[in-house]
Amino acid sequence: MEPHGPACPGSVLFGCELTASTKSYTFQVDEEDDSDHILALSVVCLSDGAKDECNVVEVVGRNHENQEIAVPVANLKLSCQPLLSLDNFKLQPPVTFRLAAGSGPVHLSGWHRITHREDAFSEVDDDLSDEDEEELPPIMPAKK
């Protein structure tokens, strides 16, 4: 029996497509899961069959007051900007992607990164050894 289920790699490829008929996609994980999940978006691009119109993609999530907030992350148009690199823009699930304008199809791709909490603790334990410990000087306040 595997310790974290049958398929628990560190990162798995993520992709979804937004269209006129499927205007939103929600990325969520099982609330019972004791792992940390991050969705890192790499690219948003128009797919085959897109019209030359503005396609606005927004991310819908929750702010620090737990209120829903929608933030546009891409405005794509076939003739001038069919693709946008998001440089692994990190989001914490649950998060919804919504095609706020246009008919797409727009494809979002990136990586779903999974960190198992007990793995993170065991890696820290392995990295620490008595031989490598150095005493750090105390932090002094800045002089004004």
Side-chain angles (χ1 to χ4, degrees), residues 1-129 132-134 136-142 144:
M1 184 166 184
E2 296 178 35
H4 301 295
C8 289
S11 291
V12 291
L13 191 60
F14 165 81
C16 72
E17 189 173 70
L18 305 176
T19 65
S21 59
T22 308
K23 288 200 170 274
S24 69
Y25 174 83
T26 300
F27 176 81
Q28 57 190 18
V29 295
D30 184 2
E31 291 181 19
E32 303 291 319
D33 189 350
D34 66 345
S35 300
D36 291 322
H37 297 264
I38 296 292
L39 182 61
L41 286 182
S42 301
V43 175
V44 179
C45 65
L46 293 173
S47 300
D48 188 37
K51 299 175 193 168
D52 194 29
E53 63 184 357
C54 286
N55 289 272
V56 177
V57 177
E58 58 187 16
V59 174
V60 182
R62 299 254 171 218
N63 67 12
H64 68 284
E65 295 174 346
N66 202 30
Q67 296 170 330
E68 186 176 286
I69 183 171
V71 179
V73 293
N75 185 348
L76 305 174
K77 189 171 182 181
L78 198 57
S79 61
C80 61
Q81 185 167 344
L83 174 136
L84 179 65
S85 172
L86 292 176
D87 196 29
N88 291 323
F89 179 55
K90 292 174 182 62
L91 299 161
Q92 190 169 6
V95 63
T96 298
F97 304 103
R98 186 165 55 202
L99 188 57
S103 56
V106 177
H107 192 82
L108 292 89
S109 62
W111 296 96
H112 173 194
R113 296 193 176 128
I114 306 163
T115 306
H116 301 289
R117 292 188 184 127
E118 49 192 63
D119 288 351
F121 290 125
S122 67
E123 286 175 19
V124 169
D125 292 344
D126 292 344
D127 289 343
L128 296 176
S129 70
D132 294 338
E133 285 184 24
E134 332 178 344
L136 296 175
I139 297 173
M140 305 299 286
K144 295 184 178 181

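Below, all heavy atoms of this structure are taken into account, side chains as well, without hydrogens, waters or symmetry copies. Residues: numbered from 1 along the sequence shown.
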So do V43 and L83 actually touch side chain to side chain, heavy atoms under 4.5 Å? yes
Side chains of E53 and S103, donor plus acceptor under 3.5 Å: yes
Would F14 and L41 satisfy side-chain contact (heavy atoms from CB on, under 4.5 Å), going step by step from the backbone distance to the final call? CA-CA 8 Å; F14 165 81; L41 286 182; 4.0 Å; yes
Just say parallel, tilted or perpendicular for the rings of F27 and H112, cut-offs at 30° and 60°. perpendicular
Supply the atom-to-atom distance L13 CG to W111 CH2, rounded to the nearest 0.5 angstrom. 5.0 Å
Give a yes or no on this: more than 12 heavy atoms of other residues, nucleotides or ligands lie within 6.0 Å of atom CD of Q92. no
In short, I69 meets R62 closest at the heavy-atom pair CG2-C, 4.1 Å
For the backbone of S79 and the side chain of D52, can you confirm whether one donor and one acceptor N or O come within less than 3.5 Å of each other? yes
Please give me the minimum heavy-atom distance between Q28 and P94, naming the atom from each residue. CB-CB, 4.0 Å
Test side-chain contact (heavy atoms from CB on, under 4.5 Å) on V71 and E58; report intermediate values, then the result. CA-CA 5 Å; V71 179; E58 58 187 16; 5.9 Å; no
Full working for side-chain contact (heavy atoms from CB on, under 4.5 Å) between L108 and L18: CA-CA 8 Å; L108 292 89; L18 305 176; 3.8 Å; yes
What are the two closest heavy atoms between S47 and H107, and how far apart are they? OG-CB, 3.4 Å
Could you give the distance from CD1 (I38) to CZ (R113), rounded to the nearest 0.5 Å? 9.0 Å
Which atom names give the shortest non-hydrogen contact between P105 and T19, and what distance separates them? CB-CG2, 3.8 Å
Using only atom types and a distance under 3.5 Å, with no angle test, would you say the side chain of N75 pairs donor to acceptor with the backbone of V56? no
Can you check whether V95 reaches F97 side chain to side chain, under 4.5 Å on heavy atoms? yes
Exceeds 12 heavy-atom contacts within 6.0 angstrom, atom NZ of K23: yes
Shortest non-hydrogen contact from V73 to L86? O-CD2, 4.0 Å
Any idea which heavy atoms bring K77 and L46 closest together, and the distance? C-CD1, 3.7 Å
Find the distance between CG (L76) and SG (C45) and round it off to the nearest 0.5 Å. 8.0 Å
Is any side-chain heavy atom of T96 closer than 4.5 Å to a side-chain heavy atom of V59? no
